[in-house]
Every structure is written in structure tokens, then in C-alpha cells.
Amino acid sequence: MRVAVTGGIADGKSTILTEVAALGFPTISADDVVKQLYETDAIRSTLIETFGTTDKREIRRRILEDPSDRRRLNSIFHLPVMRRIFDFCDSADRPAFAEIPLLIETATQEEFDEVWVATAGRDEQLRRLTVSLGGDSGLAQRLLETQLPTTVKEAFGDYVIWTNRPRKEVREFVRALAARLFTE
């Protein structure tokens, strides 16, 4: 069984993944797969051909300024990332969870048995992202503007998990939701 965990940046997807991993479910993160692929010669070569650089800050600057550059970057990573995720999930001996920020944007939600959407609410999302960017609220706002709003993603979810609550409440909700997978 494949379970996708999606949502926007700083919405709490990793929190959910941590909780299900603690229960013994296999987990994989698209962001981690991207980091692994980024180190491969094939991807680095493609980045140089496409952007003239492999510098992450320069590429981020460009994708924030130009939606066509963002689409080019996504096209480089999407298929190899999804292949690794599907291989991982399909080789698991129990339901496997995949954290995929761009699940809805890439229209791959139908490849999963369930879709869980993490959401913290826009204000909390902006606050969390600003903190993680060292207080740069302008950059945080620009990053959020490049993404599909989480409220849109919620419409595609089998379950919506609010992560702007105390961690204990989030943990209990996720654990109850995941526990039912042991009995299905």
C-alpha cells in the first residue's frame, strides 16, 4: 500500500512522516531523494546544460523569478524521484509512506492508495518558513507564492491533518490514523 503525505512548505509533512516512522512504517521523502539525485553526475550534468550552474542558491533565485525555470527544474527531477518512491513503496512489506510536496502539482495522487494532507494554516506556514530562513519574511513570502496553496491540496486528500496544534495532539491523531492500516 502506498500512502502519500503532501502539503505546502513548512506545513508539517516531516512531522507526520516522523510519527509514522516511529510506528514502524517504511518512509521516504521526495526532498531526500532530490538531495541524493543532486549528487549524481547525470543530474549535475543536466543542471549545467539547463541552468549553466549547479549552485543551489543561483537555481533557487532563478526559479523564484521565472516560472519556466521552475518547470524546467521540476522536469529534471520529477520522473527519477517518483521512480525511486514507487520502487521503495512497492518493495515494502507493509504500507509505506512517501512525503511528496508536489504530489498534486504533478497529478500523481492517483498512484497512491491514500493521500494525507498536512496543513498548518497560511499564517503559521509563513511564520515557520520565516524562522527556517533566518527571519527573511520576504523570501518566505516569495517561496509561498510560487506554490499551490495548501487549501487547494486539501480537496485531493483522503485525510487533512492540522499540524498547528500541540505536537502531542498531532502525534495522537497521526498514530490513530496510521494504526488502522495495521488492521486493513
Side-chain angles (χ1 to χ4, degrees), residues 4-19 27-40 42-82 84-85 97-109 112 115-157 159-167 170:
V5 177
T6 194
I9 190 169
D11 258 332
K13 299 177 301 294
S14 296
T15 297
I16 293 169
L17 213 63
T18 298
E19 294 302 331
T27 62
I28 188 168
S29 165
D31 290 344
D32 290 343
V33 174
V34 167
K35 288 175 189 169
Q36 294 164 8
L37 289 170
Y38 193 86
E39 298 305 320
T40 66
I43 292 291
R44 293 178 75 74
S45 175
T46 303
L47 289 170
I48 290 171
E49 289 171 22
T50 306
F51 297 104
T53 184
T54 60
D55 182 83
K56 291 178 183 178
R57 288 185 182 181
E58 173 61 18
I59 292 171
R60 180 171 70 182
R61 183 193 64 75
R62 290 182 57 181
I63 67 171
L64 284 173
E65 293 175 2
D66 186 348
S68 63
D69 278 339
R70 189 169 45 257
R71 285 189 296 275
R72 281 191 278 280
L73 182 65
N74 287 340
S75 73
I76 292 168
F77 283 98
H78 177 68
L79 286 177
V81 167
M82 293 311 292
R84 285 195 185 185
I85 287 172
F97 287 76
E99 177 186 2
I100 309 171
L102 300 179
L103 180 76
I104 307 306
E105 294 87 336
T106 58
T108 51
Q109 67 272 12
F112 291 84
V115 174
W116 294 11
V117 181
T119 186
R122 185 70 169 196
D123 291 343
E124 178 64 9
Q125 189 182 22
L126 180 59
R127 186 196 68 75
R128 289 176 182 177
L129 187 55
T130 299
V131 168
S132 75
L133 293 171
D136 191 339
S137 61
L139 178 56
Q141 187 64 44
R142 287 195 315 275
L143 284 168
L144 285 175
E145 289 169 359
T146 67
Q147 295 194 343
L148 185 66
T150 305
T151 53
V152 173
K153 295 179 181 194
E154 290 173 17
F156 294 91
Y159 300 95
V160 176
I161 302 165
W162 284 87
T163 63
N164 60 344
R165 296 186 166 98
R167 180 73 182 248
V170 174

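Quick caveat, the model's predicted, so the values are computed rather than measured.
Screening residues 29-40 for salt bridge (charged side-chain N to carboxylate O under 4.0 Å, His left out), with sequence neighbours left out, gives no hits.
A search for salt bridge (Lys or Arg N to Asp or Glu O under 4.0 Å) contacts involving Arg70 returns nothing, not counting sequence neighbours. Residues that satisfy the side chain to side chain contact (heavy atoms under 4.5 Å, CB included) test with Ala120, not counting sequence neighbours, are Asp11, Glu124, Arg128, Thr163, Asn164. Residues passing the side chain to side chain contact (heavy atoms under 4.5 Å, CB included) test with Ser137 are Thr130, sequence neighbours excluded. With sequence neighbours left out, Glu154 forms a side chain to side chain contact (heavy atoms under 4.5 Å, CB included) with Val117, Thr119, Thr150, Thr151, Val160, Trp162. Listed by chain and residue number, nothing satisfies the side chain to side chain donor-acceptor pair (under 3.5 Å) test with Arg71 (two or more places apart in sequence, or in another chain). Under the side chain to side chain contact (heavy atoms under 4.5 Å, CB included) criterion, Leu133 pairs with Arg60, Leu129, Asp136, Leu139, Ala140, Leu143, not counting sequence neighbours. Shown here are the salt bridge (Lys or Arg N to Asp or Glu O under 4.0 Å) partners of Arg61, two or more places apart in sequence or in another chain: Glu58, Glu65.
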TODO: Quick one: do Arg72 and Ser68 satisfy side-chain hydrogen bond (donor to acceptor under 3.5 Å, both in side chains)? Show the steps, please.
DONE: CA-CA 6 Å; Arg72 281 191 278 280; Ser68 63; 3.3 Å; yes
Task: Ile85 and Phe112: CA distance, side-chain angles, deciding distance, side-chain contact (heavy atoms from CB on, under 4.5 Å) verdict - done: CA-CA 11 Å; Ile85 287 172; Phe112 291 84; 4.2 Å; yes
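Ile28 contributes atom CD1, which lies 8.5 Å from atom CZ of Arg84 (distance to the nearest 0.5 angstrom). Considering CD1 of Ile43 and OG1 of Thr40, their distance stands at 5.0 Å, rounded to 0.5 Å. Note: Arg57 CZ to Ile59 CD1 = 13.0 Å, rounded to the nearest 0.5 Å.
Using a 4.5 Å heavy-atom cutoff, the side chains of Ile63 and Thr146 are not in contact. Side-chain contact between Trp116 and Thr6: absent, with no pair of heavy atoms (C-beta onward) separated by less than 4.5 Å. In this structure the side chain of Ile9 reaches within 4.5 angstrom of the side chain of Gln147, judged on heavy atoms. The side-chain heavy atoms of Val131 and Arg127, taken from C-beta on, include a pair separated by under 4.5 Å. Residues Asp69 and Leu73 are not in side-chain contact: their nearest non-hydrogen atoms beyond the backbone lie 4.5 Å or more apart.
Summarising the geometry of Phe51 relative to Arg62, their closest heavy-atom pair is O-NH1, 2.6 Å, with the distance given to 0.1 Å. Smallest separation of non-hydrogen atoms from Thr18 and Arg167: CG2-NH2, 4.1 Å.
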Return all side-chain donor-acceptor pairs below 3.5 angstrom for residues 97-109, not counting sequence neighbours, or 'none' if the list is empty.
unit_1	atom_1	unit_2	atom_2	d
Glu99	OE1	Ser29	OG	3.4
Glu99	OE2	Ser14	OG	3.2
Glu105	OE2	Lys153	NZ	3.1
Thr106	OG1	Leu102	O	2.7
Thr106	OG1	Leu103	O	3.2
Thr106	OG1	Thr108	OG1	3.1
Thr108	OG1	Leu103	O	3.4

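Residues Asp55 and Thr53 have side chains that never bring a donor and an acceptor to within less than 3.5 angstrom of each other.
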